[in-house]
Amino acid sequence: MSLGPYQTLLAEMVSPHVLKVTLNRPEVRNAMNTQMGHDMLDLWTRLTADTGAVRCVVVTGAGQAFCSGGDLKQRDGMTTEAWRLQHELFERALWTLIDLPIPVIAAINGHAFAGGLEFALMCDFMYASKDARFALTEASRGIMPGGGGTQNLPRAIGERRAKEIILTARPFSAQDAFEWGVVNRLYEPAELLPRVMETAEAIAANAPLSVRQIKKSIRYGMQMELRTAYRFEIEAYNHLIGTEDRIEGIRAFNEKRPPNFSGR
């Protein structure tokens with residue numbers, strides 16, 4: 001499986017089963033331009049078609065920011081049609097990301113503003129540096145969140161607080177993000193990536209098919225009436241009974257050894 005090279009992303013296997021993806025435009029706080037949209041869409045599409053050895057993805061930013069949102073310098077003077085086409089590209093990239101069958105963890109190393117926060121909210125969960133900042137600033141620029149922000153943020157922190165954040169366009173701190181449920185954990189800047197990698201490795205050590213079915217069950221079940229979601233969960237569960245990894249997991253437990261999962 002070939003991933004890249006990309007002009008705006010660094011995609012590197014940092015262990016046998018963990019892929020680290022770095023947004024790599026530090027000179028503009030990793031703002032998303034058209035090329036980054038193409039690069040992200042290509043990467044997520046390739047991983048959806050064939051994950052290969054990848055069992056978990058970690059996304060972070062180069063330099064001092066995670067992502068500052070859309071590249072407003074590139075957008076300055078854009079025609080309405082060009083703007084819409086670029087945004088459709090971003091939409092496809094984000095929807096491909098959220099449909100990725102393997103877990104994606106965001107490591108928020110600095111500011112995650114506007115589309116950068118929306119991108120992070122499309123990941124399965126996020127850890128953040130204690131000095132990170134967050135905001136959905138679109139209302140102060142004459143637009144509105146268009147990368148899932150008005151849907152994902154209320155689902156994470158509740159409708160009333162999300163309205164306050166989005167309508168005021170004011171930044172909030174990493175501590176606020178943690179207390180409100182936007183991020184799972186906070187770390188000192190130097191500790192962030194090592195801790196995220198520990199979590200990614202823990203996920204990658206589990207049965208790959210189990211992890212995929214769990215992610216799918218949570219994501220789609222949350223959109224269903226509860227009894228229907230229960231049935232969906234059982235369907236996902238039943239797909240695992242006949243797998244080699246289920247047999248290996250039980251055998252390893254009884255033999256008192258770590259399991260050797262193959263993804264079959």
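Computed from a predicted model, the values in this text were never measured in an experiment.
At a threshold of 4.0 Å, the pair K215-D124 counts as salt-bridged, since one of the basic side-chain nitrogens sits closer than that to a carboxylate oxygen. Between E191 and K130 there is no salt bridge, since none of the side-chain N atoms of the basic residue sits less than 4.0 Å from a carboxylate O of the acidic one. Of the charged side-chain nitrogens involved, at least one lies within less than 4.0 Å of a carboxylate oxygen, so that D42 and R46 count as a salt-bridged pair. Comment: E164 does not engage R160 in a salt bridge, judged by the lack of any side-chain N to carboxylate O separation of less than 4.0 angstrom.
F253 is not listed as a side-chain neighbour of I250, based on a closest heavy-atom distance of 4.5 Å or more. Residues R264 and D245 fail the side-chain proximity criterion, which asks for heavy atoms closer than 4.5 Å. I165 is listed as a side-chain neighbour of I157, based on a closest heavy-atom distance under 4.5 Å. Residues V57 and I105 fail the side-chain proximity criterion, which asks for heavy atoms closer than 4.5 Å. In this structure, S68 and N30 have side chains that are not in contact, with every pair of non-hydrogen atoms separated by 4.5 Å or more. Side-chain contact between L47 and V54 is present, with heavy atoms from C-beta onward closer than 4.5 Å. Between E118 and L136, some side-chain heavy-atom pair lies under the 4.5 Å cut-off. Residues W180 and L153 have side chains not in contact (no heavy-atom distance under 4.5 Å, counting atoms from C-beta outward).
Rounding to the nearest 0.5 Å places CD of Q175 at 5.5 Å from CG of L186. In this structure, OG on S217 lies 11.0 Å from NE2 on H239, to the nearest 0.5 angstrom. Taken from CD1 in I102 to NE2 in H17, the straight-line distance is 11.5 Å, to the nearest 0.5 Å. Atom CD of E244 sits about 12.0 Å away from atom CZ of F261, to the nearest 0.5 Å. Atom CD1 of I108 is separated from atom CG of L117 by 8.0 Å, given to the nearest 0.5 angstrom. To the nearest 0.5 Å, the span separating CZ on R92 from CZ on F90 amounts to 11.0 Å.
Under a 3.5 Å cut-off, the side chain of T137 and the backbone N or O of S140 do not form any donor-acceptor pair. Between the side chain of E248 and the backbone N or O of N260, at least one donor-acceptor pair lies under 3.5 Å. R246 contributes a side-chain N or O that, together with a main-chain N or O of I241, makes up a donor-acceptor pair within less than 3.5 Å.
Using modelled atom types and a 3.5 Å distance limit, the side chains of E91 and H87 yield a donor-acceptor pair. When only modelled atom types and interatomic distance are considered, T228 and E225 share a side-chain donor-acceptor pair under 3.5 Å. Side-chain contact check for R25 and Q35: no donor-acceptor pair (N or O, by modelled atom type) lies under 3.5 Å. With no hydrogens or angles considered, a side-chain donor-acceptor pair links Q86 and Q74 at under 3.5 Å. Inspection of the T60 and N109 side chains reveals an N or O donor paired with an N or O acceptor under 3.5 Å. For R212 and T51, the side-chain atoms include at least one donor-acceptor pair closer than 3.5 Å. A side-chain donor from one of Y127 and T199 sits under 3.5 Å from a side-chain acceptor of the other. Side chains of T8 and N24: a donor-acceptor N/O pair is absent below 3.5 angstrom, by distance only.
Within a 6.0 Å sphere centred on CZ of R219, heavy atoms belonging to other residues, nucleotides or ligands number more than 12. A 6.0 Å sphere centred on CZ of R227 holds no more than 12 heavy atoms belonging to other residues, nucleotides or ligands. Other residues, nucleotides and ligands contribute only 12 or fewer heavy atoms inside 6.0 Å of the CD atom of Q64.
The only option from P101, P103, C56 that meets the side-chain contact (heavy atoms from CB on, under 4.5 Å) definition with V211 turns out to be P103. The one candidate from R84, M36, H38 that meets the side-chain contact (heavy atoms from CB on, under 4.5 Å) condition with L89 is H38. Among K163, R155, R161, the one residue that satisfies the salt bridge (Lys or Arg N to Asp or Glu O under 4.0 Å) test with E159 is K163.
The aromatic rings of F134 and F172 sit parallel, their planes meeting at an angle under 30°, below the 60° perpendicular limit. Aromatic ring pairs are classed by plane angle as parallel below 30°, tilted from 30° to 60° and perpendicular above 60°; the pair F66 and F119 is parallel.
Under a hydrophobic-cluster definition in which Ile, Leu, Val, Met, Phe, Trp and Tyr are linked whenever side-chain heavy atoms come within less than 4.5 Å, directly or via other members, L192 and M126 are assigned to different clusters. Connection of Y237 to I218 is not established within any shared hydrophobic cluster, with ILVMFWY side chains joined at heavy-atom distances below 4.5 Å, either directly or through further cluster members. Under the 4.5 Å side-chain heavy-atom criterion for ILVMFWY residues, a single connected hydrophobic cluster contains both I98 and M40. Hydrophobic clustering of Ile, Leu, Val, Met, Phe, Trp and Tyr side chains at less than 4.5 Å, counting indirect connections, unites Y6 with V59. Grouping the Ile, Leu, Val, Met, Phe, Trp and Tyr side chains by contacts below 4.5 angstrom, directly or via other members, places M32 apart from L85.
Closest approach of V58 to A200, counting heavy atoms only: CG2-CB, 3.7 Å. Nearest heavy-atom pair across V183 and A128 is CG1-CB, 4.0 Å. Closest of all the heavy-atom pairs between A107 and L193 is CB-CD2, 4.0 Å. Among all heavy-atom pairs drawn from P171 and R133, the shortest one is CB-NH2, 3.5 Å. The shortest heavy-atom contact between P154 and G149 is CD-O, 3.6 Å. Scanning all heavy atoms of the two residues, the minimum distance from D131 to P189 falls at OD2-CG, 3.6 Å.
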Next on the checklist: Applying side-chain contact (heavy atoms from CB on, under 4.5 Å) to R257 and R251, what does each step give before you reach the verdict?
Outcome noted: CA-CA 9 Å; R257 61 173 174 79; R251 181 180 293 130; 3.8 Å; yes
Checklist entry - Would R195 and E188 count as a salt bridge (charged side-chain N to carboxylate O under 4.0 Å, His left out) if you check the C-alpha gap in whole Å, the side-chain angles of each, and the deciding distance to 0.1 Å? => result CA-CA 10 Å; R195 296 302 187 186; E188 296 295 338; over 6 Å; no
Item to check | Worked verdict on M122 versus V104 for side-chain contact (heavy atoms from CB on, under 4.5 Å) | outcome: CA-CA 9 Å; M122 287 287 190; V104 181; over 6 Å; no
Item to check | Steps toward side-chain contact (heavy atoms from CB on, under 4.5 Å) verdict (E201, V18) | outcome: CA-CA 7 Å; E201 293 289 357; V18 175; 3.8 Å; yes
Next on the checklist: Would L3 and L19 count as a side-chain contact (heavy atoms from CB on, under 4.5 Å) here? Give the steps.
Outcome noted: CA-CA 10 Å; L3 297 175; L19 175 70; 3.9 Å; yes
